[in-house]
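Here's the structure we're looking at; comments come further down.
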Amino acid sequence: MVVEHLRIRDMTADDVDAVAVIRTRGRQAAYAGLMPQAYLDGLDPAEDAEQRRALFAAAPPEVVDLVAERDGGLVGWAAFGPARGQNGDPRRPPGGELYALYLSPEHIGTGIGHALMDACLLRAAQQGFPSLCPWVLKGNVRARRFYERAGFLADGAEDTYEVDGTPYPRCATGGLSHASRADPALRTPPSPPAPPAPPAAPAKPLPPRPAVGDRGPR
């Protein structure tokens, strides 16, 4: 899906306040009914911006923040970098981690999320990450469907995300490379080989050629 007037670019320090609003509104929409409403209502864009500004300034070069811009305003944000807390788990594929991807709620379902996902995968490959792996709250059905449509699948690894002392179970998805996102054929089993062609019929022998000067019977 091609989204008109969409530009995806690197985040700058000037984008922090707008990203904080996207993050706050995105979390309130994504976690409604999954987390206490009082907690969601208390999310403050100004507080988030203060934390985001410090994290953005201190981020190492392998951490990448991308923003989606449409008609002069920011509508989405995503960040990825080195995978955290793998601890040698064989289910964790080598590669990076998609830390977060949020859209302004009114832009959900417009294709912007998939465009931002594709940009993250392409940039991750350029950064040297063979794949990206996001963690998703198990109860966040919409997000899990989004990642499944993008080609991610739960790989069995789980942990918890704590909010105000309450743990919420999360599941990890198998890492996805840019090639497998761009070419669905790479995510499907190969077609069975074609049956071998029947052997060719033996060629009929040609009649002997007349000797030089012999023009055949007259």
**Q.** Atom of A143, atom of V136 and distance for their closest heavy-atom approach
**A.** CB-CG1, 3.7 Å
Q. Okay, side chain of Y99, backbone of P82: is any donor-acceptor separation there less than 3.5 Å?
A. yes
Q. Should R52 and D17 count as an ion pair when the cut-off is N to O under 4.0 Å?
A. no
Q. Should we say atom OH of Y161 is surrounded by more than 12 heavy atoms from elsewhere, each under 6.0 Å from it?
A. no
Q) Is it true that R53 and D15 make a salt bridge, defined as a side-chain N closer than 4.0 Å to a carboxylate O? A) no
Q: Report yes if the side chains of V19 and V67 come closer than 4.5 Å at any heavy-atom pair, otherwise no.
A: yes
Q: Show your working on side-chain contact (heavy atoms from CB on, under 4.5 Å) between I22 and L74 and close with a plain yes or no.
A: CA-CA 8 Å; I22 291 171; L74 297 192; 3.8 Å; yes
Q | Non-hydrogen side-chain atoms of L66 and M11 separated by less than 4.5 Å | A | no
Q) For G139 and L34, which heavy atoms make the closest approach, and how far apart are they? A) O-CD2, 3.5 Å
Q: Please answer whether the main-chain N or O of A68 pairs with a side-chain N or O of R7 as donor and acceptor at a distance below 3.5 Å.
A: no
**Q.** Nearest atoms (heavy-atom pairs only) where L40 meets Y31
**A.** CD1-O, 3.4 Å
Q) Below 4.5 Å, heavy atoms only, C-beta onward: do Y147 and M117 meet side chain to side chain? A) yes
Q. Distance from E50 atom CD to D44 atom CG, nearest 0.5 Å?
A. 9.5 Å
Q | CZ (R9) with more than 12 external heavy atoms under 6.0 Å | A | yes
Q: Start with the C-alpha distance between R123 and F129, add both sets of side-chain angles, then the distance that settles side-chain contact (heavy atoms from CB on, under 4.5 Å), and finish with yes or no.
A: CA-CA 9 Å; R123 185 64 174 275; F129 296 115; over 6 Å; no
**Q.** Donor-acceptor side-chain pairing of W135 and D159 below 3.5 angstrom
**A.** no
Q. Between G95 and A83, which heavy-atom pair has the shortest distance, and what is it?
A. O-CB, 3.6 Å
Q) Which heavy atom in L103 sits nearest to a heavy atom in L116, and how many Å separate them? A) CD2-CD2, 4.4 Å
**Q.** Minimum side-chain heavy-atom gap S104-R25 below 4.5 Å
**A.** yes
Q) Any donor and acceptor pair, going by atom type alone, linking the side chain of T24 with main-chain N or O of V21 inside 3.5 Å? A) no
Q. Parallel, tilted or perpendicular for F146 and H114, by the 30°/60° rule?
A. tilted
Q) Hey, does Y168 have a side-chain heavy atom less than 4.5 Å from the side chain of E162? A) no
Q. Is there a side-chain contact between R170 and T160 (heavy atoms, below 4.5 Å)?
A. no
Q: For L132, check side chain to side chain contact (heavy atoms under 4.5 Å, CB included) against everything at least two apart and list the hits.
A: F80, C120, L121, A124
